[in-house]
Amino acid sequence: MIFLITLSIIKADTGGFVGHSAVHPDMMAAARHAMDRAVRSELLIDGHVASCGDDVSLIMTHRYGADSQLIHSFAWDTFQTTTGVARELGLYGAGQDLLSDAFSGNLRGMGPGYAELEFDERPSEPVVCFLADKTEPGAWNYPLYKMFADPFNTAGLVIDAKMHAGFVFEVYDLFEEKWICFDCPAELYDMLMYIGAPARYVVHSVRSKTLGETAAATSTQRLSLIAGKYVGKDDPVMIVRAQSGLPALGEVLEPFAFPFTVGGSMRGSHHAPFMPVSVGHAHPARFDGPPRVVALGFQIHDGRLVGPRDLFADPSFDEARHQANLAMDYLRRHGPFEPHRLPLEDLEYTTMPQIQARIANRWTPLPSPPVPATAGRPASAGAAKS
């Protein structure tokens, strides 16, 4: 009999210390206490509490499948507890990701973000849990393309018989709430047309065609679309399984050696480089950035989380961090001009509607273009003869 394991990452910003830069140690302690009780009661097989920036992330293994009311309810209650701690300490934005007054079945549409994978545990099951801060769910589009579709990043696509057939990408349209699957490499160019616009189209999962296994899952919630106004950047999370017919650990991490540009940073309204950092440096400060990503590596054995290893605490990513700082200098010098500032339609904070209303009657139609000097004149005799 097969007992499937579910790995869930559920995260929320329930209060920042200081501003939006970090999670207070007392909030982390409260979340760990709740996690320990859930493991002792056997609700969870295992659990780990982590943070990136001002978000608390609950990394959990269990046997209840994705979207479980029991697991989501536990996470909601835990975030209510950390919100209480934040309010006692007067922390910034206490409970800002909790968009409802009461839990109602699962967390869909309620504010917290989550990525979940259900799978039959392999004899050796390496996974990487990616946590990000100050960016949007489309931030995973570029690295997932590199991991699972780019042979210049992932040599296994060429030389591993279990990977050569490729992968299927499930892509969500966040604006119209619909989804599509792209069969890669056959439909790679079609897919790139969409996922190259990460503010709207987001890779939700990736599946191996040979193994029939889901290899990656992401959070796809956009708080600005849920709440109808800006309440905080989405700070997405992602799970990626590695090895044995899936990308090797080094192939999973390699995309982050380039600090590619993402939307986010100050007020969720700027382009900035995505900086891979250790857990100890996952506290954005400069202009609420640069946006950060941490990678926690685990071996899952009998549902237990063996780890984590802080995978970006590695000098081989120093050059990416250096390039990120140079790119941040370059973009910041643009000030309120694009491409540093997001296009008007993508801004999270914007006064544009108020400005438009205030100056609407001051716009004047452009004058008609002047009539050319020769217009309407008869052709000269010489021209007529020719």
Side-chain angles (χ1 to χ4, degrees), residues 13 16 18-22 52-55 92-93 130-146 150 153 174 192 194-203 218 222-225 230-238 253-278 280-295 312 315-352 355:
D13 177 356
V18 172
H20 289 298
S21 63
C52 183
D54 56 356
D55 290 274
Y92 192 75
F130 291 95
L131 317 176
D133 188 46
K134 303 297 181 285
T135 188
E136 60 192 3
W140 304 131
N141 286 10
Y142 173 84
L144 285 171
Y145 156 71
K146 299 291 284 185
D150 182 1
N153 180 93
L174 299 184
L192 285 171
Y194 290 90
I195 69 171
R200 175 169 180 171
Y201 298 101
V202 175
V203 178
T218 74
R222 280 196 63 175
L223 283 174
S224 60
L225 297 181
Y230 183 75
V231 291
K233 208 60 187 170
D234 310 281
D235 308 329
V237 294
M238 174 169 68
L253 299 179
E254 180 64 16
F256 298 94
F258 168 58
F260 56 94
T261 302
V262 295
S265 199
M266 178 59 67
R267 293 183 170 86
S269 298
H270 294 79
H271 284 120
F274 206 19
M275 181 185 281
V277 295
S278 66
H281 289 152
H283 310 301
R286 181 188 178 186
F287 204 65
D288 272 5
R292 307 296 164 97
V293 55
V294 300
F312 288 148
S316 66
F317 290 96
D318 285 350
E319 185 60 26
R321 293 185 270 269
H322 174 63
Q323 290 178 10
N325 281 320
L326 293 178
M328 193 69 177
D329 286 342
Y330 171 81
L331 288 167
R332 282 298 303 126
R333 292 184 183 181
H334 289 79
F337 288 85
E338 297 178 21
H340 183 34
R341 193 187 74 182
L342 296 183
L344 287 174
E345 63 270 19
D346 291 334
L347 289 178
E348 297 284 7
Y349 277 97
T350 178
T351 55
M352 191 66 177
I355 296 172

Is any side-chain heavy atom of Pro291 closer than 4.5 Å to a side-chain heavy atom of Glu136?
->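 No, too far: nothing below the 4.5 Å cut-off.
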Hey, does Leu144 have a side-chain heavy atom less than 4.5 Å from the side chain of Thr218?
->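 Touching, per the 4.5 Å side-chain cut-off.
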Would you indicate whether Phe260, at its atom CZ, is surrounded by more than 12 heavy atoms from other residues, nucleotides or ligands within a distance under 6.0 Å?
->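 Yes, the 6.0 Å shell around CZ holds more than 12 heavy atoms from other groups.
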Counting heavy atoms not belonging to His281, are there more than 12 under 6.0 Å from its NE2?
->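 Not more than 12 within 6.0 Å, no.
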Rounded to the nearest 0.5 Å, what's the gap from [atom1] on [X] to [atom2] on [Y]? Could you check?
X      : Y      : atom1 : atom2 : result
Leu331 : Glu338 : CG    : CD    : 12.5 Å
Asn141 : Tyr194 : CG    : OH    : 14.0 Å
Asp346 : Arg341 : CG    : CZ    : 11.5 Å
Arg267 : His20  : CZ    : NE2   : 9.0 Å
Leu174 : Tyr201 : CG    : OH    : 10.0 Å
Gln323 : Asp318 : CD    : CG    : 11.5 Å

Compare every heavy atom of [Y] with every heavy atom of [X], then report the nearest pair and how far apart it is.
X      : Y      : answer
Pro273 : Pro259 : CB-O, 3.7 Å
Phe274 : Thr135 : CE1-CG2, 3.9 Å
Pro290 : Met275 : CG-CE, 4.0 Å
Ala132 : Cys52  : C-SG, 3.9 Å
Leu342 : His270 : CG-N, 3.7 Å
Val202 : Pro137 : CG1-O, 3.8 Å

Show the numbers, then the answer: is there a side chain to side chain contact (heavy atoms under 4.5 Å, CB included) between Leu253 and Phe317?
-> CA-CA 10 Å; Leu253 299 179; Phe317 290 96; 4.0 Å; yes
Is a donor on one side and an acceptor on the other found under 3.5 Å between the side chain of [X] and the backbone of [Y]?
X      : Y      : value
Ser265 : Phe287 : yes
His283 : Ala22  : no
Ser21  : Pro284 : no

Quick one: are the ring centres of Phe256 and Phe130 less than 6.0 Å apart?
->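 Ring centres of Phe130 and Phe256 closer than 6.0 Å.
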Polar contact flag, side-chain donor to acceptor under 3.5 angstrom, His340-Arg332 | yes
Option among Asp235, Asp54, Asp288 that satisfies the salt bridge (Lys or Arg N to Asp or Glu O under 4.0 Å) test with Lys134 =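 Exactly one candidate clears the test, Asp54.
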Steps toward side chain to side chain contact (heavy atoms under 4.5 Å, CB included) verdict (Val203, Trp140) = CA-CA 7 Å; Val203 178; Trp140 304 131; over 6 Å; no
